[in-house]
Engineer: 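Would you mind keeping the following structure in view while I ask a few things?
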Amino acid sequence: MTDWTASFIASDDDLGSAPILRREFTLDEGHGDVTRATLDVSALGVVEAWLGGQRVSDHLLEPGWTSYEWRVRVVSHDVTPHLTGTAAGAAAVLALVLGKGWAAGRLAWGGGGGWYADEVAGFAELRIAFSDGHEQRVGTDADWQALSSAITADQLYDGEDIDGRLRDESFLTPGPVTVPSIEGHEGRTSSVHVVDLGERELVADTVPPVRPLAEVAPVEVWTSPAGATLVDFGVNLVGWVRVTASGEAGTVLTLRHAEVLEHDELGTRPLRSAEATDRFTLRGTGVEVFEPRFTFHGFRYAQVDGWPGTLDELRSALTAVQVGSDLRRTGTFASSHELLDTFHENVVRGMQGNFLSVPTDCPQRDERLGWTGDIAAFAPTASYLFDTGAFLGDWLRDVWLEQQHADGIIPFVVPDVLKYSPAEDFRDPDATALWSDAGVWVPWTLYQAYGDTAVLAEQFPSMAAHVRRIRSLLSPEGLWDTVFQFGDWLDPDAPPEDPAAAKADKGVVATVCAYRSATIAADTAEVLGGHEAEAAEFRELATGLQAAFREHYLQDDGRIRSDCTTVYTLAIVFGILDPEDEQRAGDRLAELAAAAGHRISTGFAGTPFITDALTRTGHLDDAYRLLLQTECPSWLYPVTMGATTVWERWDSMLPDGTINPGQMTSFNHYALGAVADWMHRVVGGLSALTPGYGEVLVAPQPGGGLTWAATSLETRHGLVAVRWDLVDGDLVVRATVPEGVSATVRLPGLEEQRVGGGEHEFRAPVAVPAG
């Protein structure tokens, strides 16, 4: 639907609360029964729609975050049940409750807000079809009314205040409306005005909605040494706490949220300026339920102040509501290693919390931005665990929009709010390795995962523009050693206060990433066809980058400048080396991994790929030792510390239970969980031989003392599953292959074979090292 006639509208007056926009209407007479009703809604801000006295859906934070300067989603709901049975000529009410959200609320750590809109505005168009074919429309226009609400404050970072004394649901039904007042907050009504959208285009929503994903009960409630009432929900989740309470009118319940405890108290320092606090004021008329819906928090723990009852009563009064974009789960993994399985669960939970409208870096502090580097690293894992095609495909549209308005530069975050609130540390931003490369790597990942060339066709102009931007930034030596680079961000050897101070030479990292992007762009041109000139252009660029790398960064003995794990990892996996140099690089990588005690020595750039680099060059045992290490820094160290999500830093919490002293510390980042992709393909043994898994490879590579592992993937062709067990020293593999899919089976000690759809079992008569 693109012929919308409604307008965006906003209250003429500041009502001192989240505004309610309301319209009473009557159903047209003489046209028979209502056969279908559809409601399209949107907002500059976020909107919750009500019709016929009921919420239209369980969707949250609609219409989500886009690059609002140019594109705003409109979400369509089937609301036929809300009007079925309503008589012709009868009155009904359509109402919108608006929150600040991303458009009008504060964003980023600079303290500012309202970057996209200086007032919240709502949009609705109700289309009612009758049995004789007549259509009635009810849309937002200047004749609507605005009312104050019980939501007296709302910010995504800071939380939501709800005053039960101001609640009144008369606005949901036809007839006179009551707008309660209390001392300090006058209930008000206002006329509305039409808001000019400027360059913004309204687009039909195509992404999975944000909605409740789970409800979690407290596992413990206690009093801290300082006398605070603390609640543990057992897992680090994203959402809010629903409270059921009764007490005297005016009693204020205050809930502060945090991911961890420190010194047995709520650990709020990592929140930086985010208040992450909800306040609920009791009306005093029996049992009341409070649930914020215009904010979200990243938390495992909550501190509750003002509770009028006992701790046991509090425990039964609280429910954590986990929210996120409702993506379909597609991939699984399990093994004989308990810590490894917990780590994989943490990867899944962290992704769910950070895939909330856009793929964000973290869900708790004053940031929660769509960092491009994080998703560049994590996209293969994400697209195995969940169906991300629509979600990331839509986000890529904003990548291209931002790029077109920034001289071809893909920014650090998308949507790019940092252009309004620049980060001093990053200086004049330009295309940046790994981060900006997301514009090339993510669409290629989606094509590999789902086999649909449409994403490549749509994003090819963006991919080409990024690669050409890189070319414009190369030094006279043909290297990408110019402009600001994050490099191997959060190298564990970097000091807490300087996460960019990595061992890896930034020019090496950037040049190898540029080679990968140019190669993928050339491959994309060839896949799409009709782009022969671009394919030749980008292939030539890749060849030049490879030659410059060899001349300036690769020494005669096979060493690569800065001689650290990340530079060898990227050179191997991105294919910039010839076979002889690749093997030498792999051997050196294994030496460095062993010298580090098989503890992690890579940051954001190297970590997603290091186990692949070791495996590819014959060092599988080193890869397993790295994966299963439990001493800090390692993937499993946080698990031993009780982590239920993946941390931003390898040592976000130190072994003594104190929080990393760095100013930037989060306990829910998915980027370092990107190794799960290797777990699926190498440990589990399932990977695609052709884009979309029309042909698959079954090739588990046991090690590390694991005695069994299993992985499965719901592909576009059906379920593919692999399980292997060590039985009496033999490797027994069972594979499920959908009809129409062919599987190549590659096992040690057996000749490679190809099978079709069905259930298959293979036994390799070889002993596998116990690790």
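Values below: every heavy atom of this structure, side chains too, minus hydrogens, waters and symmetry copies.
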Engineer: Tell me which one of Phe667, Trp635, Phe343 satisfies ring-ring contact (aromatic ring centres under 6.0 Å, His included) with Trp647.
Structural biologist: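 The single option meeting the ring-ring contact (aromatic ring centres under 6.0 Å, His included) with Trp647 is Phe667.
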
Engineer: Quick one: are the ring centres of Phe355 and Phe391 less than 6.0 Å apart?
Structural biologist: yes

Engineer: Under 3.5 Å, which donor-acceptor pairs do the side chains of residues 693-701 form with other protein atoms, sequence neighbours left out?
Structural biologist:
| residue | atom | partner | partner atom | Å |
| --- | --- | --- | --- | --- |
| Glu695 | OE1 | Arg754 | NH2 | 3.4 |

Engineer: Could you pull out all residues at least two apart from Thr445 that satisfy side chain to side chain donor-acceptor pair (under 3.5 Å)?
Structural biologist: none

Engineer: Examine Arg300 relative to Phe233 and say whether NZ or CZ is less than 6.0 Å from the centre of the six-membered ring and inside a 45° cone about the ring axis.
Structural biologist: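 Negative - Arg300 is either too far from the ring of Phe233 or too far off its axis.
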
Engineer: Please name all residues satisfying side chain to side chain donor-acceptor pair (under 3.5 Å) with Arg588, sequence neighbours left out, ordered by chain then number.
Structural biologist: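 Per chain and number, Arg588 pairs via side chain to side chain donor-acceptor pair (under 3.5 Å) with Asp563, Glu591.
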
Engineer: Taking only residues two or more places apart in sequence, or in another chain, which ones meet Thr645 in a side chain to side chain contact (heavy atoms under 4.5 Å, CB included)?
Structural biologist: Asn236, Arg349, Asn668

Engineer: For Asp488, which of Thr607, Thr602, Thr566 qualifies under side-chain hydrogen bond (donor to acceptor under 3.5 Å, both in side chains)?
Structural biologist: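 The residue from Thr607, Thr602, Thr566 that satisfies side-chain hydrogen bond (donor to acceptor under 3.5 Å, both in side chains) with Asp488 turns out to be Thr566.
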
Engineer: A side-chain contact here means heavy atoms from C-beta on lying under 4.5 Å apart; do Phe378 and Met351 qualify?
Structural biologist: yes

Engineer: Look at the side chain of Ser336 and the backbone N and O of Leu706, then say whether any donor-acceptor pair between them is shorter than 3.5 Å.
Structural biologist: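 A pair under 3.5 Å: no.
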
Engineer: Looking only at the aromatic ring of each residue, does the gap between the centers of Tyr670 and Trp371 stay below 6.0 angstrom?
Structural biologist: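 Judged by ring-centre distance (under 6.0 Å), Trp371 and Tyr670 do not meet the cut-off.
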
Engineer: If a pair satisfies side-chain hydrogen bond (donor to acceptor under 3.5 Å, both in side chains) and one of its residues is in residues 454-463, list it, with sequence neighbours excluded.
Structural biologist: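 Non-adjacent pairs meeting side-chain hydrogen bond (donor to acceptor under 3.5 Å, both in side chains): Arg397-Glu458, Gln403-Ser462.
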
Engineer: Within a strict 4.5 Å, meaning less than it, do heavy atoms of the Asp437 and Ile470 side chains meet?
Structural biologist: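 Yes, their side chains come closer than 4.5 Å.
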
Engineer: Which pairs with one or both residues in residues 566-601 pass ring pair (Phe, Tyr, Trp, His ring centres under 6.0 Å), sequence neighbours excluded?
Structural biologist: Trp441-Phe574, Phe574-Phe609

Engineer: Could you walk me through whether Glu714 and Arg328 satisfy the salt bridge (Lys or Arg N to Asp or Glu O under 4.0 Å) test, starting with their C-alpha distance in whole Å, then the side-chain angles of each, then the deciding distance to 0.1 Å, before giving a yes or no?
Structural biologist: CA-CA 10 Å; Glu714 189 66 49; Arg328 182 173 63 91; 5.4 Å; no

